[in-house]
Amino acid sequence: MKINSGLLVLLIPLFSLAQISTKKSTDFTNLNAKTEGNYTTQSVQLSLKTAFQITDQAREAAKSLGKNVTIAVLDASGQIIILTRDDEVGPHNTEAARRKAYTALSTKTPTLLLSRNARLNPDTQNLATLPELLLLGGGFPLWHNGKVIGSIGIAGGGSPENDDLIAKSGAIATAQITTH
């Protein structure tokens with residue numbers, strides 16, 4: 001078999017470039033492997049299906065108390081996944097439910113407990129003046145394996161205790177999602 005020497009001369013640089021490119025790629029991959037743990041974290045996100053289940057459970061708890069409520073479910077970054085309002089619930093409850101959920105998420109504390117603790121401690125009373133926080137019962141962080149993965153907020157249940165009870169019912173024990 002005879003190889004054209006002109007063709008061989010043209011192909012040699014391509015083979016050497018392929019080897020250089022592969023080596024750089026390998027070095028870059030090794031660099032990522034060494035630093036990945038230092039710059040990234042893994043997170044668990046609530047799925048839409050899970051948010052619907054949380055909402056359904058809370059809605060059932062509200063119905064058992066004879067209450068129509070607004071329910072907000074937020075993801076770990078504070079973005080709304082679901083926001084629903086029953087018929088005959090005042091429009092102010094929509095924002096109240098979202099802010100209760102946001103407060104619970106941000107502070108990693110049920111809002112009824114936060115509200116009561118803030119009133120008892122002069123150093124934390126000013127929490128009520130922060131624009132996004134709402135220190136009223138009805139917000140719970142949603143926990144999974146020791147990390148907050150979202151939150152639920154309830155408004156319109158007739159009392160802070162009712163809103164708190166309804167929000168707490170959003171836990172899904174079988175999925176290890178708690179409101180502790």
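Keep in mind the model is a prediction, meaning the values are calculated, not measured.
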Undergrad: Treating Gln176 as the side-chain partner and Asn145 as the backbone partner, does any N or O pair qualify as donor plus acceptor under 3.5 Å?
TA: no
Undergrad: Do Val44 and Ile177 belong to the same hydrophobic cluster, where Ile, Leu, Val, Met, Phe, Trp and Tyr are linked whenever their side-chain heavy atoms lie under 4.5 Å apart, directly or via other members?
TA: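 In one cluster: yes.
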Undergrad: Transitively linked via ILVMFWY side-chain contacts under 4.5 Å: Ile54 with Ile81?
TA: yes
Undergrad: Are the charged groups of Asp86 and Arg59 less than 4.0 angstrom apart, N to O?
TA: yes
Undergrad: Measuring from Leu135:CG to Asn117:CG, what's the distance to the nearest 0.5 Å?
TA: 10.0 Å
Undergrad: Grab the two heavy atoms, one from Ser47 and one from Thr50, that are nearest each other, plus how far apart they are.
TA: OG-OG1, 2.8 Å
Undergrad: So do the side chains of Thr70 and Ile154 get within less than 4.5 Å of each other, counting heavy atoms only?
TA: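 Heavy-atom side-chain distance check fails, nothing below 4.5 Å.
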Undergrad: State the NZ-OG1 distance between Lys168 and Thr178, to the nearest 0.5 angstrom.
TA: 10.0 Å
Undergrad: For the atom pair CZ (Arg99) and CG (Leu130), what is the distance rounded to the nearest 0.5 Å?
TA: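 It comes to 10.0 Å.
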Undergrad: Membership question, hydrophobic clusters at under 4.5 Å side-chain separation (ILVMFWY): are Leu136 and Leu133 in the same one?
TA: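 No, Leu133 and Leu136 fall in different hydrophobic clusters.
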Undergrad: What's the spacing between Glu95 CD and Leu83 CG if we round to 0.5 Å?
TA: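 One finds 8.5 Å between CD of Glu95 and CG of Leu83.
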Undergrad: Would you find a donor on one side and an acceptor on the other, under 3.5 Å apart, between the side chain of Lys100 and the backbone of Gly137?
TA: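 Flag set: sc Lys100 to bb Gly137 pair under 3.5 Å.
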Undergrad: Asp87 vs Asn68, test: side chain to side chain contact (heavy atoms under 4.5 Å, CB included). Steps then yes/no.
TA: CA-CA 7 Å; Asp87 297 334; Asn68 292 324; 5.7 Å; no
Undergrad: Could you grab the distance from atom CD1 of Ile149 to atom CH2 of Trp143, nearest 0.5 Å is fine?
TA: 11.0 Å
Undergrad: Taking all non-hydrogen atoms of both residues, which atom of Ala167 and which atom of Gly139 are closest, and how far apart?
TA: CB-N, 4.5 Å
Undergrad: Is the shortest heavy-atom distance from the side chain of Leu134 to the side chain of Thr103 under 4.5 Å?
TA: yes
Undergrad: Donor-acceptor check, side chain of Thr111 to backbone of Ala104, threshold 3.5 angstrom: yes or no?
TA: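 Answer holds: no.
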Undergrad: Can Asp75 and Leu46 be said to form a side chain to side chain contact (heavy atoms under 4.5 Å, CB included), step by step?
TA: CA-CA 6 Å; Asp75 69 13; Leu46 286 171; 5.5 Å; no
Undergrad: Do Ile172 and Leu165 sit in the same hydrophobic cluster, where Ile, Leu, Val, Met, Phe, Trp and Tyr count as joined when their side-chain heavy atoms come under 4.5 Å apart?
TA: yes
Undergrad: Does any part of the side chain of Phe140, heavy atoms only, come nearer than 4.5 Å to the side chain of Asp164, both counted from C-beta?
TA: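 A side-chain contact under 4.5 Å exists here.
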Undergrad: Can you tell me how far the CG atom of Asp163 sits from the CG atom of Asn93, to the nearest 0.5 Å?
TA: 7.5 Å
Undergrad: Could you check if a side-chain atom of Thr107 sits within less than 4.5 angstrom of a side-chain atom of Leu127, using non-hydrogen atoms only?
TA: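 In short, these two side chains do not touch, never coming nearer than 4.5 Å.
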Undergrad: Could you pull out the closest heavy-atom pair between Ser169 and Ala58, with the gap in Å?
TA: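 Minimum heavy-atom separation between Ser169 and Ala58: OG-CA, 3.4 Å.
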Undergrad: Is there a side-chain contact between Leu74 and Ser151 in this structure, where contact means two heavy atoms from C-beta onward sitting under 4.5 Å apart?
TA: yes
Undergrad: With side chains defined as the heavy atoms from C-beta onward, is the minimum distance between Leu48 and Ile82 less than 4.5 Å?
TA: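 Sidechains of Ile82 and Leu48: in contact.
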Undergrad: Can you confirm whether Glu132 sits close enough to Arg98 that some side-chain heavy atom of one is under 4.5 Å from a side-chain heavy atom of the other?
TA: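 Counting from C-beta outward, Glu132 and Arg98 do come under 4.5 Å.
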Undergrad: For a 4.5 angstrom cut-off between non-hydrogen side-chain atoms, does Ile152 reach Ile71?
TA: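 Side-chain contact under 4.5 Å: yes.
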